[in-house]
Amino acid sequence: MYPPPAAPIRWPAEAIWEAVAPVLPGFTVEVLPQLDSTNTELMRRFRAAGPDACAPVLLVAEQQTAGRGRMGRSWQSSVGDSLTFSLGLPLKPADWSGLSLAVGISIAESLEPGNPAAPAIRLKWPNDLWLGNTSGESKLAGVLVETANWGEQRYVVIGVGINVRPMAQPLTPAGAGQPPALAPGALQTLLPGIDVAQTLLRVAAPLVQAVQAFGLFGFAPFQARYAARDALAGRAVQLSDGTQGVAHGVGENGALLVHTAAGMKEITSSEVSVRPVTPPTAGSARPC
Ligand code: BTN
């Protein structure tokens, strides 16, 4: 017995285009059945055609064969389980710091609107969305921001992967010297029955708005919204260079503030990884 063929996904490309095109001239939506990586593809297009390929585009791949995460990690996904897309557009903020945080805030607020006192979706600096609380956390989504220049023209590719259905496939083991990855979460545990197409419809237009606002005003207007969902605030953390401290939120520029034995440290480099360390008294926290 073979499993029945999966029904085709009905992508809301037109509805997204109608919501976004009036505020982002030249915007298009493209859905492809398979790609190596939506980020890689948009970077390839930009490098091949330069500023001519600069029109804003939302590129969705039903399946990625070489999805990429931060710090050289891979991003595993399968058709219908995971939403994978990239938004590519020209952008000229005065300061780029905090863009991945602004993207995370937008996605979290679209998926869990309102102002919940104890949000289920929280943000783990600098690019993760986590589901749950300290007694059970999983990774709901990740953001990969990449930029390219062509003369004066600056192009940004914002890649987003969201785990929508619980994944059947096992996790890839962590690379040598890397901490084990947090188990993937699933949006359906928060929003039962939601699928990848409905998820895209919820997040796409607000994401464009958030990126445009970031281009104009930078990270500062997002700072308080980040604080409301900060997964690390007040927690003992360890940086990839071994430094330990307690996370104290983020500054106006999106830098992570960590109180260490040597004083307050501002972490700006996205090449630094940060993970919570289980406090000796909090036996229920899950290591990640
Ligand atoms: C991370 O958690 O390190 C970031 C993961 C980003 C994954 C998305 S999926 C769509 C886009 N294409 C990629 O190859 N990566 C991003």
Side-chain angles (χ1 to χ4, degrees), residues 24 39 42-43 46 54 56 68-73 75 86-110 121-130 139-161 203 206-235 237-241 243 245-260 262-276:
L24 193 58
N39 267 46
L42 289 187
M43 280 295 174
F46 179 76
C54 243
R68 296 186 289 111
R70 245 180 92 241
M71 302 178 84
R73 297 191 182 105
W75 178 263
S86 299
L87 173 68
L89 74 168
L91 199 71
K92 267 192 182 167
D95 180 0
W96 286 88
S97 28
L99 176 55
S100 70
L101 308 187
V103 170
I105 293 163
S106 168
I107 305 264
E109 291 177 349
S110 299
I121 302 178
R122 288 172 312 128
L123 301 158
K124 148 63 178 58
W125 191 92
N127 72 323
D128 281 4
L129 281 82
W130 283 3
K139 178 157 170 166
L140 176 65
V143 176
L144 179 66
V145 174
E146 298 178 299
T147 59
N149 288 350
W150 190 294
E152 286 293 284
Q153 188 67 266
R154 195 86 189 256
Y155 187 68
V156 64
V157 174
I158 298 165
V160 178
V203 302
L207 174 61
V208 171
Q209 262 181 25
V211 173
Q212 288 184 312
F214 181 90
L216 291 173
F217 309 115
F219 179 71
F222 292 92
Q223 192 183 6
R225 287 155 67 189
Y226 185 88
R229 293 181 184 269
D230 187 343
L232 295 181
R235 285 171 81 174
V237 293
Q238 175 157 336
L239 311 184
S240 43
D241 67 0
T243 310
V246 174
H248 276 264
V250 300
E252 269 204 352
N253 57 354
L256 179 70
L257 306 174
V258 180
H259 192 236
T260 71
M264 196 65 90
K265 218 172 160 170
E266 264 202 15
I267 319 294
T268 48
S269 168
S270 57
E271 291 308 305
V272 174
S273 75
V274 185
R275 62 194 180 105

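- Of the possible donor and acceptor atoms, none in the side chain of Asn127 sits under 3.5 Å from a partner among the backbone N and O of Arg70.
- In this structure, CG on Leu140 lies 9.5 Å from CD1 on Ile107, to the nearest 0.5 angstrom.
- When every heavy atom of Pro90 is checked against every heavy atom of Gln153, the shortest pair comes out as CB-OE1, 3.6 Å.
- Shown here are the side-chain contact (heavy atoms from CB on, under 4.5 Å) partners of Ala148, two or more places apart in sequence or in another chain: Met43, Phe46.
- The side-chain heavy atoms of Val156 and Trp96, taken from C-beta on, include a pair separated by under 4.5 Å.
- For residues 215-225, the set of pairs meeting the salt bridge (charged side-chain N to carboxylate O under 4.0 Å, His left out) definition, not counting sequence neighbours, comprises Glu109-Arg225.
- Interatomic distance, CZ of Phe219 versus CG of Leu101, reported as 4.5 Å (0.5 Å rounding).
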N/O donor-acceptor pairs under 3.5 Å from side chains in residues 207-217, not counting sequence neighbours:
residue	atom	partner	partner atom	Å
Gln212	NE2	Val23	O	2.9

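- Applying the side-chain hydrogen bond (donor to acceptor under 3.5 Å, both in side chains) definition to pairs two or more places apart or across chains, none involves residues 246-256.
- When atom types are taken as modelled, the side chain of Arg229 and the backbone of Ile121 share a donor-acceptor pair closer than 3.5 angstrom.
- Judged by distance alone, with hydrogens and angles left aside, the side-chain atoms of Lys124 form a donor-acceptor pair with the main-chain N or O of Val274 at under 3.5 Å.
- Each of Leu239, Val250, Thr243 was evaluated against Ile267; a single residue qualifies, Leu239, per the side chain to side chain contact (heavy atoms under 4.5 Å, CB included) test.
- Looking at residues two or more places apart in sequence or on another chain, you find no salt bridge (charged side-chain N to carboxylate O under 4.0 Å, His left out) involving Lys92.
- Rounding to the nearest 0.5 Å gives a distance of 4.5 Å between CD1 of Ile158 and CG of Leu99.
- Legend: residues meeting side-chain contact (heavy atoms from CB on, under 4.5 Å) with Ala233, ordered by chain and number and at least two apart, are Asp230.
- Between the side chain of Ser100 and the main chain of Pro126, a donor-acceptor pair closer than 3.5 Å is present.
- The two residues Gly142 and Asp128 have their closest heavy-atom pair at CA-OD1, 4.4 Å.
- Checked against side chain to side chain donor-acceptor pair (under 3.5 Å), Ser106 has no partners two or more places apart in sequence or in another chain.
- Remark: Asp95 pairs with Ser97 by the side chain to side chain donor-acceptor pair (under 3.5 Å) rule, at least two apart or across chains.
- Pairs of residues two or more places apart, or lying in two chains, that qualify as salt bridge (charged side-chain N to carboxylate O under 4.0 Å, His left out) and include a residue from residues 146-156 are Arg68-Glu146.
- Atom NE2 of residue His259 and atom CE of residue Met264 lie 5.5 Å apart, to the nearest 0.5 angstrom.
- Residue Leu257 holds its CG atom at 11.5 Å from CG of Leu232, rounded to the nearest 0.5 Å.
- Between Ser86 and Leu42, the closest heavy-atom pair is CB-CD1, 3.8 Å.
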For this session: Report the C-alpha distance between Val160 and Val203 in whole Å, list the side-chain angles of each, state the deciding distance to 0.1 Å, and finish with yes or no for side chain to side chain contact (heavy atoms under 4.5 Å, CB included).
Result: CA-CA 10 Å; Val160 178; Val203 302; over 6 Å; no
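- Here the closest heavy-atom approach between residue Gly254 and residue Trp125 is recorded as O-NE1, 2.9 Å.
- Considering every non-hydrogen atom in both Leu123 and Ala108, the closest pair reads CD2-CB, 4.4 Å.
- In this view, Ser110 satisfies the side chain to side chain donor-acceptor pair (under 3.5 Å) rule with no residue, not counting sequence neighbours.
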